[in-house]
2 protein chains.
Amino acid sequence: MTLFFVGMGLHDHLDLTFKGVEIARRCDKVYVELYTSLMAGLNLRKLEEILGRKVHVLSRGDLEGAKAQEILREAMEDDVALLVPGDPFIATTHIALKIEAKKLGVEVKTVHAASIASAIPGLTGLSFYKFGRKATVVYPEPNYRPEAAYDVVKENLLRGLHTMLLLDVKAEQGLYMTVPEALRILLDVEEKRREGVLSPEALAVGVSRAGSLNPEVKACSIERLLSLDLGPPPHTLVIPGDLHFMEEEALMYLCGATKDEVEVHKRRLKLLREVRAL
Amino acid sequence: MTLFFVGMGLHDHLDLTFKGVEIARRCDKVYVELYTSLMAGLNLRKLEEILGRKVHVLSRGDLEGAKAQEILREAMEDDVALLVPGDPFIATTHIALKIEAKKLGVEVKTVHAASIASAIPGLTGLSFYKFGRKATVVYPEPNYRPEAAYDVVKENLLRGLHTMLLLDVKAEQGLYMTVPEALRILLDVEEKRREGVLSPEALAVGVSRAGSLNPEVKACSIERLLSLDLGPPPHTLVIPGDLHFMEEEALMYLCGATKDEVEVHKRRLKLLREVRAL
């Protein structure tokens with residue numbers, strides 16, 4: 001039978017697609033995982049109401065342990081749906097499960113849904129084609145390197161590309177990193193490395209609650225962004241690269257940047273590249 | 001009043017979200033544009049049925065000309081919905097309209113939907129975090145440079161990153177570029193430039209009908225991909241960069257690459273970088 005990965009979109013149960021709901025309704029069993037991203041408006045009771053059935057909630061570790069084997073065994077006999085926040089397979093765990101399913105001869109089908117990957121270019125007005133590789137800013141821990149995100153920003157800036165930075169989620173502890181927290185972590189790396197990639201006057205864009213009908217999108221200097229209240233999570237951070245004329249307009253008219261902040265940004269990028277070229 | 005940009009997702013009317021349908025139903029006027037991407041399963045009659053109302057179809061040029069001004073004037077008085085394929089604002093035209101609306105004091109809200117941006121990492125199993133900048137392979141024309149896509153692939157490969165290549169759409173002429181057409185355009189650039197970025201034995205992934213329940217995803221040498229039938233459009237092309245162990249498994253188990261094709265790919269990338277380092 002078939003294992004359906006069904007994306008739930010970004011914010012609440014209304015972000016489900018008709019296709020996703022139709023499939024989940026006729027599967028023999030429905031699971032949901034809610035720990036890879038925060039869907040701030042999602043309510044499990046409402047989700048069960050829209051699907052007209054019981055939904056089994058998975059906890060972190062379930063998809064990597066014995067529970068995953070159980071789900072795969074079920075999918076060999078029955079149609080099983082696994083609902084996930086955003087669009088499926090952005091999380092490595094889901095890809096591993098899909099490969100495992102294929103190895104066992106289980107058919108896998110995907111219902112796509114809204115993702116932060118396209119929502120961020122849309123909300124900021126920064127061109128989809130000018131985003132370089134993405135990174136996640138993680139809470140400092142012995143095994144993690146928050147410097148990896150700094151390196152990605154640096155690599156992208158030197159090529160004039162924008163960087164989308166996803167922020168760490170530790171759902172079990174109720175921790176969802178905010179834009180100011182992420183900025184402080186990145187400024188700490190700058191403090192240590194002194195490569196001029198970021199500074200208080202550098203331009204950044206903070207986004208909160210992408211996918212809701214009331215997201216906040218603020219483009220300004222890091223210094224100003226540190227003092228702004230973007231409201232509840234989830235938050236996302238963007239470091240812009242070179243700006244086309246229409247992107248400048250977007251940052252000013254859609255995201256509230258001042259002409260001055262945009263000009264400082266352009267001078268900083270030029271300088272950063274000149275120094276590197278020496 | 002408000003101008004709502006409502007994403008329709010990737011394939012058919014069932015990819016609409018509950019939020020999008022709810023909003024379109026209660027707007028005073030609903031427009032749809034169907035020329036920036038192909039939604040292969042979309043049927044206008046079914047769309048009007050699901051929305052329970054008349055939908056006004058825009059043609060290319062409408063959103064850049066006098067019609068755009070008319071829509072903006074309407075949105076100053078009434079709630080207006082503009083339905084677009086995929087997730088809104090991937091097309092520059094939509095961003096320009098959003099900026100224009102803001103300048104006129106019209107409120108703008110977005111309903112996000114599935115996009116090729118996240119569907120492609122999901123379908124191929126290639127890590128979302130390892131995609132570099134994207135590009136579009138365009139039909140050769142006096143004012144366009146198909147070489148821009150080649151340069152993006154080169155830049156990404158030298159950094160070990162994957163490249164997602166969107167393929168040209170000329171909806172008015174019924175032209176939707178296929179993977180073999182795109183490969184031939186890129187091989188022609190290689191023929192002229194001889195930088196070793198692409199070759200018949202290079203690894204590529206062809207995807208067709210992403211977002212439908214029956215997409216094709218084939219990873220193999222360009223030579224083999226040129227001879228495969230991926231079925232009807234839309235098509236998307238991916239040139240993989242460095243492969244993590246799980247990405248190798250994904251290309252083999254999910255996309256049909258042979259162990260041999262993966263090994264040749266790894267040797268080619270290593271060589272490409274060694275030659276550049278000389």
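FYI, side chains are in, hydrogens and waters are out, and symmetry mates aren't considered; it's all heavy atoms of this structure. Being a predicted model, the structure only gives us computed values, none of them experimental.
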inquiry  = Can you tell me how far apart CZ (Phe89(A)) and OG1 (Thr124(B)) are? Round to the nearest 0.5 Å.
reply    = 10.5 Å
query = Quick check: are there more than 12 heavy atoms from other residues, nucleotides or ligands sitting under 6.0 Å from NZ of Lys103(A)?
reply = yes
ask   = Should the pair Lys134(B) and Phe131(A) be classed as cation-pi, given the thresholds of under 6.0 Å to the six-membered ring centre and 45° from the axis?
value = no
message = Looking only at heavy atoms and a cut-off of under 4.5 Å, which of Ser115(A), Gly132(A), Ala113(A), Gly211(A) has the most pairs with chain B?
response = Ala113(A)
ask   = Which region of Ala96(A), side chain (C-beta onward) or backbone (N, CA, C, O), has a non-hydrogen atom less than 4.5 Å from a non-hydrogen atom of chain B, or is it both or neither?
value = both
task = Heavy atoms only, distances under 4.5 angstrom: which of Ile23(A), Asp12(A), Val108(A), Val111(A) has the most pairs with chain B? Name it, please.
result = Asp12(A)
Segment of Ala250(A) engaging chain B (4.5 angstrom heavy-atom cut-off) = both
task = Would you check, one step at a time, whether the test side chain to side chain contact (heavy atoms under 4.5 Å, CB included) holds for Arg133(B) with Arg133(A)?
result = CA-CA 7 Å; Arg133(B) 71 191 298 186; Arg133(A) 71 191 298 185; over 6 Å; no
message = Please determine whether the number of non-hydrogen atoms from other residues, nucleotides or ligands lying under 6.0 Å from atom CZ of Arg25(B) exceeds 12.
response = yes
ask   = Arg159(A) versus Arg159(B): any side-chain heavy-atom pair under 4.5 Å?
value = yes
query = In terms of heavy-atom contacts, does NZ of Lys154(B) have more than 12 from other residues, nucleotides or ligands at under 6.0 Å?
reply = yes
Nearest atoms (heavy-atom pairs only) where Thr17(B) meets Phe18(A) = O-CE1, 3.8 Å
ask   = What residue in His13(A), Lys130(A), Glu155(A) has the most heavy-atom pairs under 4.5 Å with chain B?
value = Glu155(A)
key: Residue Ala135(A) versus chain B: region with a heavy atom under 4.5 Å   = backbone
message = Under a 3.5 Å distance rule, please check whether Lys98(B) uses its side chain to pair with a backbone N or O of Gly122(A) as donor and acceptor.
response = yes
query = Quick one: what part of His94(A) sits under 4.5 Å from any heavy atom of chain B, side chain, backbone, both or neither?
reply = neither
request  = For Gly125(A) and Ile95(B), work out which heavy atoms get closest and say how close.
outcome  = CA-CD1, 3.5 Å
ask   = Roughly how far, to the nearest 0.5 Å, is CE of Met164(B) from CZ of Phe128(A)?
value = 5.5 Å
message = Please find the pair of heavy atoms, one from Asp87(A) and one from Ala119(B), that lie closest to each other, and give the distance.
response = OD2-N, 3.3 Å
task = Calculate, to the nearest 0.5 Å, the distance between atoms OH and OG1 belonging to Tyr129(A) and Thr136(B) respectively.
result = 2.5 Å
message = Which one wins on heavy-atom pair count under 4.5 Å against chain A: Ala117(B), Ser118(B), Ala101(B)?
response = Ser118(B)
task = Could you tell me the separation between the CG atom of Leu254(B) and the NZ atom of Lys102(A), rounded to the nearest 0.5 Å?
result = 6.5 Å
inquiry  = I'd like to verify something: which residue of Thr110(B), Leu123(B), Val152(B), Leu10(B) has the highest number of heavy-atom pairs under 4.5 Å with chain A?
reply    = Leu123(B)
request  = Heavy atoms only, distances under 4.5 angstrom: which of Glu247(A), Lys109(A), His112(A) has the most pairs with chain B? Name it, please.
outcome  = His112(A)
note = Whatever's closer than 4.5 Å to a heavy atom in chain B on Leu161(A) counts as side chain
task = Please state whether the side chain, the backbone, both or neither of Ser127(A) comes within less than 4.5 Å of a heavy atom of chain B.
result = neither
